[in-house]
Amino acid sequence: MCVVPQPRFRHYCHRNPCTWRDDRPTAGPAPGSGSRTPGPASTQPEGNTLTFNVGQTVVHPHHGPATICRLSSRMVRSVETEYLVLEVHANRLEVWVPTAKAEDVGLRPILDSPQLQELMEVLRAAADTEESQWSRRFKENTELLASGRIVDVARVVRNLTIRSLDKGLSHAERDMLRHARRPLLTEISLSLGVTEEEASAVLDGVWAAADTALAEPAPQP
């Protein structure tokens with residue numbers, strides 16, 4: 001179980017190096033603890049930054065939502081390397097992410113309101129031009145899901161959902177659609193602060209009008 005300490009650390013990452021700002025009064029680490037008490041950052045790097053706090057919910061591109069439990073360090077090839085220690089929500093797995101590589105790994109905060117709106121726009125857009133051969137279409141969708149990018153996941157869900165309403169899906173594609181919907185539902189749920197059932201209603205609402213239109217009989221000439 002992830003027990004989050006009270007002190008808060010802010011991670012400012014702009015290329016390299018990454019620094020940590022300690023928002024509590026300075027105190028030395030316990031001897032032999034393996035954790036490091038970072039000193040205050042002198043200035044905040046210019047340009048775009050990522051900010052992470054201990055106790056914050058973040059999204060790992062391959063593990064999904066996780067909580068930042070603590071900051072720790074390990075010796076790697078005789079070099080002290082600093083890590084974010086995460087606890088994955090789905091299975092309580094502990095994942096260590098090097099702080100200097102957090103952005104490269106794809107670790108990010110949950111979507112804010114403007115980012116969620118951008119995601120919904122991707123879902124509302126027309127489907128991509130698809131391959132006629134099932135095997136090539138399945139391969140493309142598999143590669144998009146493997147990227148871990150939520151926008152790519154949204155594209156797969158959109159394309160498969162629109163195809164299911166129009167032409168239907170194979171058994172493998174139906175399984176893929178169910179799998180791809182899960183991270184989207186979690187993302188919408190966390191961003192809006194609603195249950196996954198409510199998030200499912202939001203997601204299904206994107207294509208409700210299209211579903212109704214397809215279900216209506218074609219007008220007679």
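Residues take their numbers from the sequence shown, with the count starting at 1. Heavy-atom basis, side chains included; hydrogens, waters and symmetry copies ignored.
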Legend entry - Within-4.5 Å side-chain heavy-atom neighbours: Glu94 and Glu87: no

Inset, instruction - Any chance you could measure Ser73, atom OG, to Trp96, atom CH2, to the nearest 0.5 Å? - result: 7.5 Å

Inset, instruction - Please answer whether the main-chain N or O of Gly55 pairs with a side-chain N or O of Asn53 as donor and acceptor at a distance below 3.5 Å. - result: no

Legend entry - Shortest non-hydrogen separation from Arg158 to Leu123 and the atoms involved: CG-O, 3.4 Å

Legend entry - Val59: hydrophobic cluster co-members (side-chain, 4.5 Å): Ile110, Leu190

Inset, instruction - Without swapping roles, check the side chain of Arg70 against the backbone of Val85 for a donor-acceptor pair under 3.5 Å. - result: no

Legend entry - Sidechain-backbone polar pair: Ser191 side chain, Ile188 backbone, donor-acceptor under 3.5 Å: no

Inset, instruction - Taking Ser200 for its side chain and Glu196 for its backbone only, find out whether a donor-acceptor pair lies under 3.5 Å. - result: no

Inset, instruction - Side-chain contact test, heavy atoms from C-beta onward, threshold under 4.5 Å: evaluate it for Asn141 versus Arg137 and give yes or no. - result: yes

Inset, instruction - Salt-bridge test for Glu173 and Lys167: reply yes if a basic N is under 4.0 Å from a carboxylate O, no otherwise. - result: no

Legend entry - Smallest separation among heavy atoms of Ala66 and Val88, with atom names: CB-CA, 3.8 Å

Inset, instruction - Search all heavy atoms of Thr99 against all heavy atoms of Tyr83 and return the closest pair with its distance. - result: CG2-C, 3.7 Å

Legend entry - Any side-chain heavy-atom pair of Met120 and Val202 under 4.5 Å: yes

Legend entry - Side-chain heavy-atom pair His63, Leu93 within 4.5 angstrom cut-off: yes

Legend entry - Sub-4.5 Å side-chain heavy-atom contact between Val157 and Trp207: yes

Legend entry - Nearest heavy atoms of Ala180 and Leu145, plus distance in Å: CB-CD2, 3.8 Å

Inset, instruction - Would you mind reporting whether Ile150 and Gln115 have side-chain heavy atoms less than 4.5 Å apart? - result: no

Inset, instruction - Assess whether atom NE2 of His179 is packed by more than 12 heavy atoms of other residues, nucleotides or ligands within 6.0 Å. - result: no

Inset, instruction - Would you sort out whether Arg181 and Thr161 count as a side chain to side chain donor-acceptor pair (under 3.5 Å), showing the intermediate values? - result: CA-CA 10 Å; Arg181 278 174 61 95; Thr161 300; 5.3 Å; no

Inset, instruction - Salt-bridge test for Arg155 and Glu140: reply yes if a basic N is under 4.0 Å from a carboxylate O, no otherwise. - result: no

Inset, instruction - State whether the number of non-hydrogen atoms from other residues, nucleotides or ligands found under 6.0 Å of Arg174 atom CZ is greater than 12. - result: yes

Inset, instruction - Indicate the atoms forming the closest heavy-atom contact of Thr195 with Ser189, along with that distance. - result: C-OG, 3.8 Å

Legend entry - Distance-minimising heavy-atom pair for Leu184 and Leu203: CD1-CD1, 4.3 Å

